[in-house]
Number of protein chains: 2
Amino acid sequence: MTDDRTGDQLLQMLSALANPHRLRILAALRSRESYVSELARELGIGRPLLHMHLQVLEKAGLVVGRHEISEDGKALRFFSVTDFDERLTPERVSDATKTLSADSEPTGKAKR
Amino acid sequence: MTDDRTGDQLLQMLSALANPHRLRILAALRSRESYVSELARELGIGRPLLHMHLQVLEKAGLVVGRHEISEDGKALRFFSVTDFDERLTPERVSDATKTLSADSEPTGKAKR
DNA sequence: ATCACGTGTCAGCATGCTCTGACAGGTAAA
DNA sequence: TTTACCTGTCAGAGCATGCTGACACGTGAT
């Protein structure tokens with residue numbers, strides 16, 4: 001079965017997925033959960049950057065983070081992927097546009 | 001059945017869909033095909049802008065354009081949506097990353 | 001010729017997204 | 001205390017996108 005997000009939520013999900021780094025992050029977290037610093041090393045990207053990408057993914061509901069304390073007392077931030085399921089078809093897109101809120105309208109009404 | 005694009009193609013599709021205007025364009029074309037100028041009026045956006053969005057959608061294979069001659073001799077550019085079908089799940093994303101080409105790697109190897 | 005309507009493209013501004021280096025704070029072990 | 005990890009955030013640079021007005025070209029009707 002497929003999820004039932006609103007147009008805005010779907011758009012947010014698509015925006016989150018439209019980036020190679022974020023796709024790789026999801027793939028990496030799927031094979032095994034891990035915390036920020038470790039993930040950054042594994043993917044070879046900067047920690048601040050990864051941190052930002054994780055926020056985007058989390059806001060889109062594609063990933064969830066939790067706090068965990070390692071044996072030696074470090075406060076680690078673990079992330080794991082949610083099991084999202086969205087089907088992309090012309091029909092789904094049409095449906096989504098019905099619940100698309102204020103977004104386009106370049107500048108006001110735009111009557112050209 | 002779901003499509004079988006490579007990671008790069010999926011990424012291109014996601015990027016194309018990650019925009020409210022383009023979602024609306026697809027929805028509009030689904031209810032009825034039309035040509036650029038008419039579509040622009042219907043959606044209330046500029047023609048050059050719509051032209052650009054249509055190019056993005058076409059390159060992603062979500063829409064196809066063809067030339068047609070109206071009764072009064074005008075060369076019209078008609079567009080129609082393809083019936084794409086892509087399922088978004090953690091597994092699909094993992095698969096896609098296997099066929100993701102040169103993209104990330106911020107600057108060279110990036111060993112941090 | 002001029003008007004009305006269609007096509008496509010370009011320069012340039014504005015906005016948003018990406019990315020890095022630096023800073024601040026915290027715990028545990030040497 | 002110093003070292004070595006971890007967490008988070010910010011400013012600023014750089015690059016990609018979005019968007020508009022103007023230009024060029026074509027056809028049929030007035």
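Below, chain A is the first sequence line, B the second, and so on; all start at residue 1.
Screening B/Val56, B/Leu43, B/Leu62 against B/Ile25 for a side-chain contact (heavy atoms from CB on, under 4.5 Å) leaves a single residue, B/Leu43.
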What string of B, S and - do you get for nucleotides 1-6 of chain D 5' to 3' if you count protein non-hydrogen atoms under 4.0 Å?
----BS
Any chance you could list the contact pattern along nucleotides 12-18 of chain C? Use B for base contacts, S for sugar-phosphate-only contacts and - for none, protein heavy atoms under 4.0 Å, 5' to 3'.
------B
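Not counting sequence neighbours, the partners of A/Glu86 by the side-chain contact (heavy atoms from CB on, under 4.5 Å) test are A/Thr2, A/Asp3, A/Arg5, A/Leu10, A/Met13, A/Leu88, A/Arg92, B/Leu88. Applying the side-chain hydrogen bond (donor to acceptor under 3.5 Å, both in side chains) rule to A/Thr97 yields no partners; only residues at least two apart in sequence or on another chain are considered. In terms of the salt bridge (charged side-chain N to carboxylate O under 4.0 Å, His left out) criterion, residue partners of A/Glu33 (sequence neighbours excluded) are, by chain and number, A/Arg66. Residues passing the side-chain contact (heavy atoms from CB on, under 4.5 Å) test with A/His51, sequence neighbours excluded: A/Gln55.
Relative to the side chain of A/Asp72, the nucleotides D/dA22, D/dG8, C/dA28 differ in distance, and C/dA28 lies closest. Looking at the side chain of A/His67, the nearest of the listed nucleotides D/dG8, C/dG8, D/dG21 is D/dG8.
Rounded to an integer number of Å, the gap from B/Gln55 CD to D/dG18 C1' is 14 Å. Atom CG of A/Leu54 and atom C1' of C/dC19 are 15 Å apart (whole Å). Here C/dG8 presents its C1' atom at 13 Å from CG of B/Leu50, a figure rounded to the nearest Å. As rounded to whole Å, 17 Å separates atom C1' of D/dT20 from atom CG of B/Leu43. For the pair A/Glu68 CD and C/dT27 C1', the interatomic distance rounds to 16 Å; values are reported in whole Å. Note: CD1 (A/Ile69) to P (C/dG26) measures 14 Å, nearest angstrom.
Here salt bridge (charged side-chain N to carboxylate O under 4.0 Å, His left out) pairs that include residues 73-85 of chain A, with residues two or more places apart or in two chains, are A/Asp72-A/Lys74, A/Asp85-B/Arg87.
Between the CG atom of A/Leu14 and the CD atom of A/Gln9 there is a distance of 12.0 Å, given to the nearest 0.5 Å.
Taking Ile, Leu, Val, Met, Phe, Trp and Tyr as hydrophobic and joining them when side-chain heavy atoms fall under 4.5 Å apart, one finds A/Leu76 in a cluster with A/Tyr35, A/Phe78. The hydrophobic cluster of B/Val64 has no other members, since no ILVMFWY side-chain heavy atom comes under 4.5 Å of it.
For B/His51 and C/dT9, the shortest distance from a side-chain N or O to OP1 or OP2 is below 4.0 Å.
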